[in-house]
Novice: 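If you scroll down you'll find the structure; I have some questions about it.
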Amino acid sequence: MAELLDGARVAARMKMELADRVARLRAQGRYVGLGTILVGDDGPSATYVALKHSDCHEMGIESIGVHLPADASQDEIIAAVEEMNDNPLVHAFLVQLPLPDGVDTEQVLQRIRPDKDVDGLHPVNLGKLVLGAPGPLPCTPAGIVELLAAHRVEVEGQHVVIIGRGITVGRPLALLLASKRPGCNAAVTVVHSGVESFAEIVRSADVIISAAGVPGLVTADIVKPGAAVVGAGTSWSGKKLLSDIDLEVENVASWVTPRIGGVGPMTRAMLIANVVRAAEKIN
Ligand code: GUN
């Protein structure tokens, strides 16, 4: 029976340390401010954004949320980005993804001031990740690396298979895990649904990270006994969050994320870490 990769516990520990740093800033008359931009009425996105604001509230971080209608134009979204760029109360902010169909996401992300990019998704910050230069790391990839390290799962020198190549998880995670940093330094393979020998490649992994958003995609028969398995895909059945990892995997793997309380809390803790770091630098 696999042990749980307990993101809720690790994130709570991180948030305690971050709360100390926020308190130190406040004691100096400084503050920390996060901004969010949500476009449209996608239920899960609204929930994620609400959780980010409640994390801030809990930790003494100011937060400002802008909610635009689903039919907001590209120009209106960019105007909201520019307002956040110029707002001195906002140290860092994010545009919640996915944006509604028809919006050019890359163009929106490019307008975020790189030093205020809490998600690390601006091309300048993704470029720093490619170069191995310091910069804000995308929250979910950074959270997964921290989650594995906190449980002492061996990653360095191991074969990690990432399922999915999206901009928020799969692509930056592959760069991060292949980079020369503690807890990374891995041999990384990225696969997706169009890969012919999908099962064979996944079965060769020491660590499997699925960010496909396909419920139950990773079944026990494609997991090497003793592997660590991380579910980072999000899909919903009504209000129930579903995992990419089939329940039977816990009988084969040595580590597995729970359906709730795995990667999600780590993403949120990393977001807080990025905004605190931005505030420490700026004011
Ligand atoms: N949607 C799903 N994950 C993320 C994330 O990490 N950042 C943003 N901005 N949107 C997301």
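Order of listing sets the numbers, starting from 1, for every ligand and every atom in it. Quantities reported herein were computed from a predicted structural model and do not represent experimental measurements.
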Novice: Between Ser63 and His57, is any side-chain donor less than 3.5 angstrom from a side-chain acceptor?
Specialist: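 Not at all, the side chains of Ser63 and His57 share no donor-acceptor pair under 3.5 Å.
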Novice: Taking salt bridge (Lys or Arg N to Asp or Glu O under 4.0 Å) as the definition, give me every residue that meets it alongside Arg24, ordered by chain and number, with sequence neighbours left out.
Specialist: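 Arg24: no salt bridge (Lys or Arg N to Asp or Glu O under 4.0 Å) contacts found.
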Novice: Does Asp115 have any side chain to side chain donor-acceptor pair (under 3.5 Å) partners at least two apart in sequence or in another chain, and if so, which?
Specialist: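 In terms of side chain to side chain donor-acceptor pair (under 3.5 Å), with neighbours along the sequence ignored, Asp115 is linked to Arg113.
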Novice: In a simple table, one pair per line, please give the protein and ligand 1 atom names for every N or O pair closer than 3.5 Å, along with the distance.
Specialist:
unit_1	atom_1	unit_2	atom_2	d
ligand 1	1 (N)	Gln96	NE2	3.2
ligand 1	1 (N)	Leu97	O	2.8
ligand 1	7 (N)	Asp119	OD1	3.4
ligand 1	7 (N)	Asp119	OD2	3.0
ligand 1	9 (N)	Val95	O	2.8
ligand 1	9 (N)	Asp119	OD2	2.5
ligand 1	10 (N)	Leu97	N	3.0

Novice: When you check the side-chain N and O atoms of Thr219 and Asp221, is any donor under 3.5 Å from an acceptor?
Specialist: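 Yes, because at least one side-chain N or O of Thr219 sits under 3.5 Å from a partner of the opposite role on Asp221.
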Novice: Under a 4.5 Å cut-off applied to non-hydrogen side-chain atoms, are Asn274 and Arg277 in contact?
Specialist: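 A side-chain contact exists here, since the closest heavy-atom pair is under 4.5 Å.
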Novice: Tell me, please, which residues at least two apart from Glu58 pass side chain to side chain contact (heavy atoms under 4.5 Å, CB included).
Specialist: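 Testing Glu58 for side chain to side chain contact (heavy atoms under 4.5 Å, CB included), a comparison that skips the adjacent residues, returns Lys15, Asp55.
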